[in-house]
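Side chains included, hydrogens not; waters and symmetry mates left out as well; all remaining heavy atoms used.
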Amino acid sequence: GDGTPMDVKQIYPWSGTEQVLPGDIPQNNPVGTYVTEFTYSPDDASSLTRIVFHGAESAIAVYVNGIFIGYSEDSYTPSMFDITSALKGGINRLTVFVYRFSSGSWLEDQDYWRFSGICRDVQLQTLPSVHINSMKITTDLYDHYTKADVHVQLDVLSSLSDVQITACIEDHGSCIASADGTDVTFHLDDPHLWSSEDPYLYDLIITASHLGNPVETAHSRFGIREFRIEDGIMKINGKRIVFHGVNRHEFCAESGRVVSQEMTRNDLQIMKDNNINAVRTSHYPNSVFLYDLCDEMGLYVIDETNLETHGTWSELFDRDHILPNDFPQWHDTVLDRGRSMVIRDFNHPSIIMWSCGNESWGGRNIYDLSCMFHDMDPTRPVHYEGIQWDMRYPDTSDVVSTMYTPAKEIEAFLKEHDEKPYMLCEYAHAMGNSCGALKDYTDLAEKYPHYQGGFIWDFVDQALWKDGKLCYGGDFRERPSDYDFCGNGLLFADRSITPKMQEVRYCYQYVLISINEKQISITNRYLFTDLNHFHFVVEKSEEGKTVDSVSLTIHCQPDETVVIDNPYNDINTDVHTAI
């Protein structure tokens, strides 16, 4: 209820009211003050207590008992502070100042509603004498995907000696492999591979013990899969992938930037129900439970750095002010944002690419960010569309990625170039009565192997409830504003499904069915799934009422077509449908 939300697409929220140079902040800069108290006993922890803010826009300054603890920017990755020295036995007072604008705001010029405040969980952590601080899980597949090595690297904090660390891989509750140590490798035969079609997960259990007594356990679910680029084509477990994707902001009409786990699960289920297989986290790392759900439900994820500077290359600035470009003063900040994302999200099998951000031009800083991603994680390719505007460092992106390019222009490009995979990180702008030309794009995937799909902009309309009605940009009398440009989703703001979704479901289909008087032709576009996993029903209708039906089991391997007799061959029909 405090402050004014602003819907701004490209220019910065202060543009038009204050003249501010990159790195500086506007004079009109509201600060929210959050205060709470908690009880602390020295017996609650051994040596270390810390507080973690999982999301706060755009910067925070933290105090405990009046003692300054620290300051942090980056609205969408965790900020962690050691508060041990400031604590006292009994009641402790936590105060947090949240700055609406900061120097970091120059790197957060995404196309969305601008809010300010604490938008994700805050955790107070008291650590035991032995603590599993982090784990890193990598998987390698070989022998035609029949064998896997699972590597586990642990960072353990301990004030004790004689500490034993045991790692165990569980499958359906049974331990199938175990080893002692902080850097171990497990060898698995015939692993059950993870994909969007079959999102199979194993459990990793880590136990830290002292003198034979367990002190702490940690748990992580993980999937075994391979995603790589081979001969200019992106492949999942050796099979060419086509992204039936969508961009998704974290947004809720009732609560703004705060989106519950239940609503997120519902969003992902709607995607699965409509043949959407991939999500781009436009344009910042999402709440961590999104990745847990994508692991569990089976969706591919492009995880995007919290970086967009579109306003610095608008008509309001000259090219000398484009950020982050090659400016050394922005270098470490840019890399820190990407590093924080990779450290937090590394173990999720659903994440198949890291993205350097969105609409931030090109230059050395973003190229170095891409190099850092490759160094930290050689198993995942890197995506970045912005170099299309500045090609000085073409190796920043492992894929050719564009936005809203006409299908004919894409086809002309594909005829001449096959060095890298091609994808549309944004296309088919779903505003109003749109998505009608979607098939022009999805047909390209059938003609050109190195065209590998795209991500529709975007998933859900962004509108806020106010006084009993849904309000769009400008309805809060905010200026500047982009008005109704925030309404471009496949879902309405209340999460009901728009008619556009029918076209998406049809064009993103996995099973093609063609019916004529004599035969039914069925084509399987899945990568790993035989159609005998599904229940087929052929219905005969008269004047809209079903008068008879036949149940069938269809055996059809991926990328194959089968033709069966039409059980109702007395009907003169020619129908094309989809599942």
Side-chain angles (χ1 to χ4, degrees), residues 38-54 78-87 89 92 121-140 147-192 194 200-224 288-289 291-292 295-296 339-340 342-349 376-377 379:
F38 61 93
T39 302
Y40 171 79
S41 169
D43 296 333
D44 288 344
S46 59
S47 60
L48 182 62
T49 301
R50 61 194 186 191
I51 193 166
V52 184
F53 294 82
H54 288 275
S79 299
M80 182 182 295
F81 302 92
D82 182 351
I83 63 172
T84 309
S85 61
L87 294 175
N92 288 261
D121 288 349
V122 180
Q123 291 180 316
L124 187 66
Q125 301 177 346
T126 56
L127 306 186
S129 53
V130 181
H131 174 60
I132 302 157
N133 195 47
S134 68
M135 65 176 73
K136 182 178 181 181
I137 307 169
T138 55
T139 61
D140 293 323
K147 299 181 184 298
D149 288 342
V150 179
H151 309 281
V152 179
Q153 294 175 290
L154 305 174
D155 176 37
V156 178
L157 304 179
S158 177
S159 58
L160 304 173
S161 58
D162 299 321
V163 171
Q164 183 180 24
I165 306 296
T166 300
C168 173
I169 294 178
E170 291 188 355
D171 188 12
H172 289 97
S174 299
C175 183
I176 60 172
S178 64
D180 293 337
T182 59
D183 190 347
V184 297
T185 298
F186 300 95
H187 303 281
L188 301 182
D189 293 328
D190 298 317
H192 196 146
W194 185 97
Y200 194 86
L201 296 172
Y202 292 87
D203 293 278
L204 176 66
I205 310 296
I206 309 295
T207 303
S209 302
H210 179 242
L211 300 178
N213 299 311
V215 178
E216 185 182 65
T217 60
H219 167 248
S220 179
R221 305 185 81 189
F222 71 96
I224 298 175
V288 70
F289 54 71
Y291 308 94
D292 292 334
D295 295 343
E296 171 194 329
R339 183 183 299 109
S340 297
V342 173
I343 290 172
R344 191 196 71 166
D345 296 341
F346 185 93
N347 293 333
H348 292 281
M376 294 182 70
D377 181 14
T379 71

Return the set of residues passing side-chain contact (heavy atoms from CB on, under 4.5 Å) with T84 (not counting sequence neighbours), or none when no residue passes. L48, T49, D82

Which pairs count as salt bridge (charged side-chain N to carboxylate O under 4.0 Å, His left out) when at least one residue sits in residues 210-222, sequence neighbours excluded? D203-R221

Between D295 and W194, which heavy-atom pair has the shortest distance, and what is it? O-NE1, 2.9 Å

Can you list every ring-ring contact (aromatic ring centres under 6.0 Å, His included) pair that touches residues 155-192, not counting sequence neighbours? H172-Y200, H192-Y200

Using the test ring pair (Phe, Tyr, Trp, His ring centres under 6.0 Å), find all partners of H348 that sit at least two apart in sequence or belong to another chain. Y291

Straight-line distance of L127 CG to L157 CG, nearest 0.5 Å: 7.0 Å

Could I get the full list of side-chain contact (heavy atoms from CB on, under 4.5 Å) partners for P78, not counting sequence neighbours? V52, H54, R344

Between the CD1 atom in I83 and the CG atom in L124, the distance rounded to the nearest 0.5 Å is 5.0 Å

Is it true that a side-chain atom of N347 and a backbone atom of I137 form a donor plus acceptor pair closer than 3.5 Å? yes

Rounded to the nearest 0.5 Å, the CG atom of L154 sits from the CG atom of L204 at a distance of 7.5 Å

Partners meeting side chain to side chain donor-acceptor pair (under 3.5 Å) with K147 (sequence neighbours left out): D189

Results of side chain to side chain donor-acceptor pair (under 3.5 Å) for T139 - residues two or more places apart only: none

Distance, nearest 0.5 Å, that separates CD1 of I165 from OG of S209: 7.5 Å

Exercise: identify the closest heavy-atom pair between A167 and V184: CB-CG2, 4.3 Å

With sequence neighbours excluded, what pairs up with N92 under the side chain to side chain donor-acceptor pair (under 3.5 Å) test? N65

Could you tell me which residues satisfy side-chain contact (heavy atoms from CB on, under 4.5 Å) with V122, sequence neighbours excluded, listed by chain and number? I51, F53, I118

With sequence neighbours excluded, tell me which residues meet side-chain contact (heavy atoms from CB on, under 4.5 Å) with H151. T138, D140, D149, T185

Review item, side-chain donor-acceptor pairs of residues 175-182, under 3.5 Å, at least two apart:
| from | atom 1 | to | atom 2 | distance (Å) |
| --- | --- | --- | --- | --- |
| D180 | OD1 | T166 | OG1 | 2.9 |
| D180 | OD2 | Q164 | NE2 | 3.1 |

d(D171 CG, L201 CG) to nearest 0.5 Å is 10.5 Å

Considering all heavy atoms, the nearest K136-M376 contact: NZ-O, 3.5 Å

Show your working on side chain to side chain contact (heavy atoms under 4.5 Å, CB included) between V215 and S129 and close with a plain yes or no. CA-CA 8 Å; V215 178; S129 53; 4.0 Å; yes

Mind checking what makes side chain to side chain donor-acceptor pair (under 3.5 Å) contact with Q125, not counting sequence neighbours? R50, Q123

Under a 3.5 Å distance rule, please check whether H210 uses its side chain to pair with a backbone N or O of S161 as donor and acceptor. yes

Output for pair (H131 NE2, T126 OG1), nearest 0.5 Å, gives 10.0 Å

